[in-house]
Amino acid sequence: ARAKIIFINPASNLRHCSPFKSEHRSGLSEAELQRWDALVRQASSPGLPPGDALKALDQAAAIDDRHAGLHNVRGQMLWKAKRFSEARAAFIRARDEDVCPLRALSSMLKIVAEVAAKRNVPLVDFEEFLERHAEQGIPGDDWFLDHVHPTIEGNRRIAVALIDTMTREGPVRIASDWNEAAQREVQRMVEGQITPAMHGAALTTLAKVLAWAGKHDEAFRVSLRAATLAPEDPEAHFAAGKNSMHLQRFEESTVHLR
């Protein structure tokens, strides 16, 4: 059928997605593991300044720098310290060290770009777009619902980029009145079909999946958004209550469960 391909590189949530599974490097002694654990606990102490936490994490990394969770915590501390370029590098390392890599690794992103260039295939560079538009160039829940699935606005921007690419490559000829206003009208029509209750129900399902994966911090954030969008939905409040309980936020849990 002579169909043509457009690649979109599989960008992912860096700032608000912890690794799915972390493992220590092989060969650590029991004493090294205990020291590593102690340093990470020290870094996670409430009220500890980010600079002191980073010192402890750097000492832990000197013992074992293959633990994905360690790099994620470093990224969070670097973000708090407003050291954004270092934070981005730490979050990327956390993604790449994930033993259960449900987000595309840096090597995979490189391969997509290499194949597109070698085969002369158009590439919609979603990762580069996020570097320009995400807060401090580090995409989080401002652009992703979970680890890889974009928000409604993220999907819209991908769609516009695909139309631009198809127009440039030739298979699509856009109408003379296709402009920003026309795009906003399409956006209004499509998003008008999604009620807050529908959106809240979808986010409640997502919160259940994240909780099943043991990612209670992320499940809590999503379930709170669900309960806000669908305040009359008992399932949304049950998810918010259960997830806040996992985080020992008992007062919030009681409110939602009641």
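Excluded from the calculations below are hydrogen atoms, water molecules and symmetry mates; all remaining heavy atoms, backbone and side chain alike, are included.
- For the pair F126 and L109, the minimum side-chain heavy-atom distance is 4.5 Å or more.
- Hydrophobic cluster membership differs between V209 and L145, with clusters built from Ile, Leu, Val, Met, Phe, Trp and Tyr side chains linked at under 4.5 angstrom.
- Atom CD in E97 sits 9.5 Å away from atom CG in L105 (nearest 0.5 Å).
- Here the shortest heavy-atom pairing between V99 and P101 reads O-CD, 3.2 Å.
- Taking the six-membered ring where the residue is Trp, the centroids of F129 and W143 are separated by under 6.0 Å.
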message: Using the rule given for salt bridge (Lys or Arg N to Asp or Glu O under 4.0 Å), can you reason through R88 versus E131, listing the C-alpha separation, both sets of side-chain angles and the distance that settles it, and then say yes or no?
response: CA-CA 10 Å; R88 177 179 171 79; E131 284 186 35; 3.1 Å; yes
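- Scanning all heavy atoms of the two residues, the minimum distance from S244 to G241 falls at OG-O, 3.0 Å.
- One distance of note links CD1 of I6 with OG1 of T165; it measures 5.5 Å at 0.5 Å rounding.
- In plain terms, the two heavy atoms of A43 and A56 that are nearest each other are CB-CB, 4.1 Å.
- Under the 4.5 Å side-chain heavy-atom criterion for grouping Ile, Leu, Val, Met, Phe, Trp and Tyr, F84 is connected to F91 within one hydrophobic cluster.
- Side-chain contact check for N155 versus T151: every heavy-atom pair is 4.5 Å or farther apart.
- In this structure, R221 contributes its side chain and H16 its backbone to a donor-acceptor pair below 3.5 Å.
- Residues I111 and F7 fall within the same hydrophobic cluster, defined by Ile, Leu, Val, Met, Phe, Trp and Tyr side chains chained together at heavy-atom separations under 4.5 Å.
- Using a 4.5 Å cut-off on side-chain heavy atoms (C-beta onward), R157 and V160 make no contact.
- Side-chain contact between E32 and R25: present, with at least one pair of heavy atoms (C-beta onward) separated by less than 4.5 Å.
- For H237 (side chain) and P231 (main-chain N/O), a donor-acceptor pair under 3.5 Å exists by modelled atom type.
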message: Go through it in stages, so that I can follow the logic: the residues are K4 and M166, the test is side-chain contact (heavy atoms from CB on, under 4.5 Å), and I'd like the CA-CA distance, side-chain angles, deciding distance and then a yes or no.
response: CA-CA 10 Å; K4 294 183 178 180; M166 288 189 287; over 6 Å; no
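- Nearest heavy atom pair, residue S223 against residue A240, reads OG-CA, 3.3 Å.
- Using a 3.5 Å distance cut-off with no hydrogens or angles, the side chains of D141 and N13 do not pair a donor with an acceptor.
- When side chains are defined from C-beta on, R156 counts as touching Q183, because their heavy atoms get closer than 4.5 Å.
- Using a 4.5 Å heavy-atom threshold, the side chains of V112 and M108 count as separate.
- Ring geometry for H24 versus W36: interplanar angle over 60°, hence perpendicular rather than tilted (30 to 60°).
- The shortest heavy-atom contact between P122 and I5 is CD-O, 3.5 Å.
- Under a cut-off of 6.0 angstrom, the local environment of CD in E185 is crowded, with over 12 non-hydrogen atoms contributed by other residues, nucleotides or ligands.
- Contact of the R184 side chain with the E180 side chain is registered, since non-hydrogen atoms from C-beta on lie closer than 4.5 Å.
- Between atom CG of residue D98 and atom CD of residue E23 there is a gap of 10.0 Å, rounded to the nearest 0.5 Å.
- Interatomic distance, S85 OG to Q136 CD, rounded to the nearest 0.5 Å: 10.0 Å.
- Put simply, the side chain of D64 does not reach to within 4.5 Å of the side chain of L70, judged on heavy atoms.
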field: Test log, rule side-chain contact (heavy atoms from CB on, under 4.5 Å), inputs E235 and T205
entry: CA-CA 9 Å; E235 286 287 333; T205 300; over 6 Å; no
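- Annotation: R132, atom CZ; neighbour count of heavy atoms from other residues, nucleotides and ligands within 6.0 Å is above 12.
- Not less than 6.0 angstrom separates the ring centroid of H216 from the ring centroid of F220.
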message: side-chain contact (heavy atoms from CB on, under 4.5 Å), that's the test. Do L14 and I92 meet it? Break it down for me.
response: CA-CA 7 Å; L14 293 177; I92 290 174; 4.0 Å; yes
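- With rounding to the nearest 0.5 Å, the separation of CE in M77 from CG in N72 is 10.5 Å.
- Under the 3.5 Å distance criterion, the side-chain polar atoms of D52 are left unmatched by any main-chain donor or acceptor of L48.
- Aromatic ring pairs are classed by plane angle as parallel below 30°, tilted from 30° to 60° and perpendicular above 60°; the pair H149 and H147 is perpendicular.
- When all heavy atoms of K80 and P50 are compared, the pair lying nearest together is CB-CG, 4.1 Å.
- In the displayed structure, R66 atom CZ is contacted under 6.0 Å by at most 12 heavy atoms of other residues, nucleotides or ligands.
- Inspection of the E218 and S18 side chains reveals an N or O donor paired with an N or O acceptor under 3.5 Å.
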Derivation and outcome, side-chain contact (heavy atoms from CB on, under 4.5 Å), residues F238 and T204: CA-CA 9 Å; F238 183 73; T204 298; over 6 Å; no
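- The CD atom of E251 sits 12.0 Å away from the NE2 atom of H256 when rounded to the nearest 0.5 Å.
- Around CD of E232, the count of heavy atoms belonging to other residues, nucleotides or ligands within 6.0 Å does not exceed 12.
- Side chain to side chain, R95 and S106 meet the donor-acceptor criterion of an N or O pair below 3.5 Å.
- If you chain together hydrophobic residues whose side chains sit under 4.5 Å apart, I152 and V148 never meet in one group.
- Both L57 and L78 belong to a single network of hydrophobic side chains, linked directly or stepwise wherever heavy atoms of I, L, V, M, F, W or Y lie under 4.5 Å apart.
- Ion pairing of R74 with D58 is present here, as a side-chain N (NZ or NE/NH1/NH2) and a carboxylate O approach within less than 4.0 Å.
- Formation of a donor-acceptor pair under 3.5 Å by the S44 side chain with backbone atoms of V40 is found in this model.
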